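Right, one structure below, let's go through it.
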Protein chains: 2
Amino acid sequence: MKRVTIGDVAAHAGVSTATVSRVINGGVVAETTATRVWDAISSLDYSPNALTKSIFAGRSNTIGVVIRDLSSPFYLDLIRGIDEVAAANNSLVMLANTFRRDDREAAQVRAMDEQRVRGLIVTTGAAADSPTRRMADNGTPCVIVSRVVDGMHSISLDNVRAGELMAAHLAACGRTSVGVVSASRRPSQTERVQGLGVPESAVTVAEAPEDAPAAVDALLATGPLDAVVCTSGRLTAAVYSALTARGVSVPDDVAFLAVDEFPWAETLGVTVIAQPTYDMGKKAAELVIESPAEPVSLVFEPTLIVRRSCGEVSG
Amino acid sequence: MKRVTIGDVAAHAGVSTATVSRVINGGVVAETTATRVWDAISSLDYSPNALTKSIFAGRSNTIGVVIRDLSSPFYLDLIRGIDEVAAANNSLVMLANTFRRDDREAAQVRAMDEQRVRGLIVTTGAAADSPTRRMADNGTPCVIVSRVVDGMHSISLDNVRAGELMAAHLAACGRTSVGVVSASRRPSQTERVQGLGVPESAVTVAEAPEDAPAAVDALLATGPLDAVVCTSGRLTAAVYSALTARGVSVPDDVAFLAVDEFPWAETLGVTVIAQPTYDMGKKAAELVIESPAEPVSLVFEPTLIVRRSCGEVSG
DNA sequence: TTGAAAGCGCTAACAT
DNA sequence: ATGTTAGCGCTTTCAA
């Protein structure tokens, strides 16, 4: 199953490989020669080897994307945005999932480097660490998503502001004692809590959706609550379910407020803080393409989408 | 920003490039030489160029995945499955979205071919057409997902069976007049309708979620209904919302049944037909890795997950 | 306008 | 056990 090479095309058209190369990449060639070459190309069904091309360019035309948890819908939109920009630059996306494991992240980033991706987008985790940093030092534009890292490009949400938006809305709805379920002690989560301005004792951490019921129980045990905030989209369904399963009525007993928009939010009437994930993906990819010399740190604005789950705004 | 090459490492270690290559790929080398080479590798921070390696192998170590609509959660799990197998074979995933456009699909498939992917997984669409077929003919293992195509590997759901499962459950719940919202006239959709055994007049097509309200109206106008089935996961939220927005009570007025499991189904009590998408992704990738000589067509079994949306099973 | 030839970074015989 | 020498498929001078 030998592949057709540029040499085969050249032979078939009776020209040199250099000429074929020129025809394909738009060099100066005589009209008649060009047609002869194109004919050869289509009759042999020639498909140029992009890998070989990349050797010359020094790097491939691919954008590497390393995702920490591909089961989060947040990332779907991010990837769509990246892919959109990639396609517009006839680039392709090389994707890898790290299953929330730091060692896998390092391995995947290294793999991307070996593939000589033209740029890397990492949602992370520990990516600020050696492998990514080394890539950046070697001249590969690297963009960190969801985290701000010194000396690297980054795309993130204004998490403190997200927290403040939530706090303000809750206050406007007359809610005074709010409990929080967050997903971790990572900066993106803690910043949201900080913006909310609740005491540390009002925060419970649920690493995974399975931990949500216990987290909700813990929250409910701390005393009477009139609002529950979920700071991670991965947890929203689980937290909401745990709440209703315990006979808590939303919004009559407690208000419910979550971070990240999701398809059923409208139907369920869940008020959320939305991130412009698709745009964030596009920007991340554009950063890779443009590869600015100085580190660029883009912070996106969260939006409050008011629905029914926090009750009426009083006054 | 010149990259470190195998030659640099060789010079630094005082050996030939062949020896360095042997050290990396596990050939016969003296212990002492090996350590010297490894030292050089780490002190120069050498990262071997995978592209160049692939030139020799004839193809890259990457699995190409072309997705018709990356906004569908169905594909998220599929990709996770693929990535899992890829990672286990230290392969990477090259992803492209076609935004539901056939011309883009052809272009993306061609791009994958130029990247010399070791195999291709396409969810499609028109992929049965020339570009994919040509790749398969050139010896690249190609797997079609969600469709059975002559002479190619394929991964699909037993759609007729899915329809039958739904029909049986609906009957068991005493529902007799069912209306269907489907997403297209493609085989995967029509087979589900066929399994349901409803007359053509009971079926409405909504191409996109935006079309769901109109589709539901059309359905409701055909006469009294006691069940609504949605045969596409992309449409479930929109159809359900349109239903409830019209004051229709589920399951009291009509039963609601959808294809494809989704995160909120449990909370909402929506009965669904689930596809083993993660496993389907894994199998697709395994097919690529194994690359069987004869076309393999794997058909997966749908599962009925009973919840509240169809009411009580009578008898 | 075209071809010959060198070389991109690496591997794989073939020598030694 | 190691080095030499061809390539892999393509691009890019440099001549003609």
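Reminder, nothing fancy here: chain letters follow the sequence lines and each chain counts from 1. All values derive from a computational prediction rather than experimental measurement.
For the OP1/OP2 pair of C:dC10 and a distance below 4.0 Å, the side-chain nitrogens and oxygens of B:T52 include no atom meeting the criterion. Taking side-chain N and O atoms only, B:N49 has no distance below 4.0 Å to OP1 or OP2 of C:dC8. Close to C:dT2, at under 4.0 Å from its OP1 or OP2, lies no side-chain N or O of A:S16.
Position along DNA chain D of the nearest nucleotide to B:E31 versus A:R22 favours B:E31 as the more 5'-ward residue.
Contacts of B:V15 with the nucleic acid, taken as non-hydrogen atoms under 4.0 Å apart, involve only primed sugar atoms and P, OP1 or OP2. Within 4.0 Å (heavy atoms only), A:A18 reaches at least one base atom of the nucleic acid. As judged by a 4.0 angstrom heavy-atom cut-off over every strand, A:V29 is placed among residues touching the sugar-phosphate backbone only.
Atom NZ in A:K53 sits about 21 Å away from atom P in C:dC10, given to the nearest Å. Taking atom CD1 of residue B:I55 and atom P of nucleotide C:dT11, one finds them 11 Å apart after rounding to whole Å. The CG-C1' distance, from B:N25 to C:dG9, rounds to 13 Å in whole Å. Between the CZ atom of B:F56 and the P atom of C:dA12 there is a distance of 7 Å, given to the nearest Å. Rounded to whole angstrom, the span from the CZ atom of B:R3 across to the C1' atom of C:dC10 amounts to 15 Å. Atom P of nucleotide C:dC10 and atom CG of B:D8 are separated by 9 Å, given to the nearest angstrom.
Shown here is A:N25, whose CG atom has more than 12 heavy atoms of other residues, nucleotides or ligands within 6.0 Å. Other residues, nucleotides and ligands place no more than 12 heavy atoms under 6.0 Å from the CG atom of A:D150.
Between A:D69 and B:R80 there is no salt bridge, since no side-chain N of the basic residue sits under 4.0 Å from a carboxylate O of the acidic one.
Where the helix from C:dT1-D:dA16 to C:dT16-D:dA1 starts and where it ends, the local axes point in directions that differ by 40°; five pairs per end, rounded to 10°.
Minimum atom distance to the side chain of A:T17 is reached by C:dA5, of the listed C:dA5, C:dC10, C:dT2.
Using a 4.0 Å cutoff to heavy atoms of chain B, the contacted part of DNA chain D runs 5' to 3' from D:dA1 to D:dC8.
A distance of 5.0 Å separates CG of A:D83 from CZ of B:F99, quoted to the nearest 0.5 Å.
Side-chain contact check for A:V23 versus A:T33: every heavy-atom pair is 4.5 Å or farther apart.
For the residue pair A:R116/B:S47, the side-chain donor-acceptor check at 3.5 Å is satisfied. No side-chain donor from either of B:S146 and B:R186 sits under 3.5 Å from a side-chain acceptor of the other.
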Considering only distance and modelled atom types, tabulate donor-acceptor pairs under 3.5 Å from the side chains of residues 280-290 of chain B, sequence neighbours left out.
from	atom 1	to	atom 2	distance (Å)
B:K283	NZ	B:E286	OE1	3.2

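In this structure, B:T123 contributes its side chain and B:R68 its backbone to a donor-acceptor pair below 3.5 Å.
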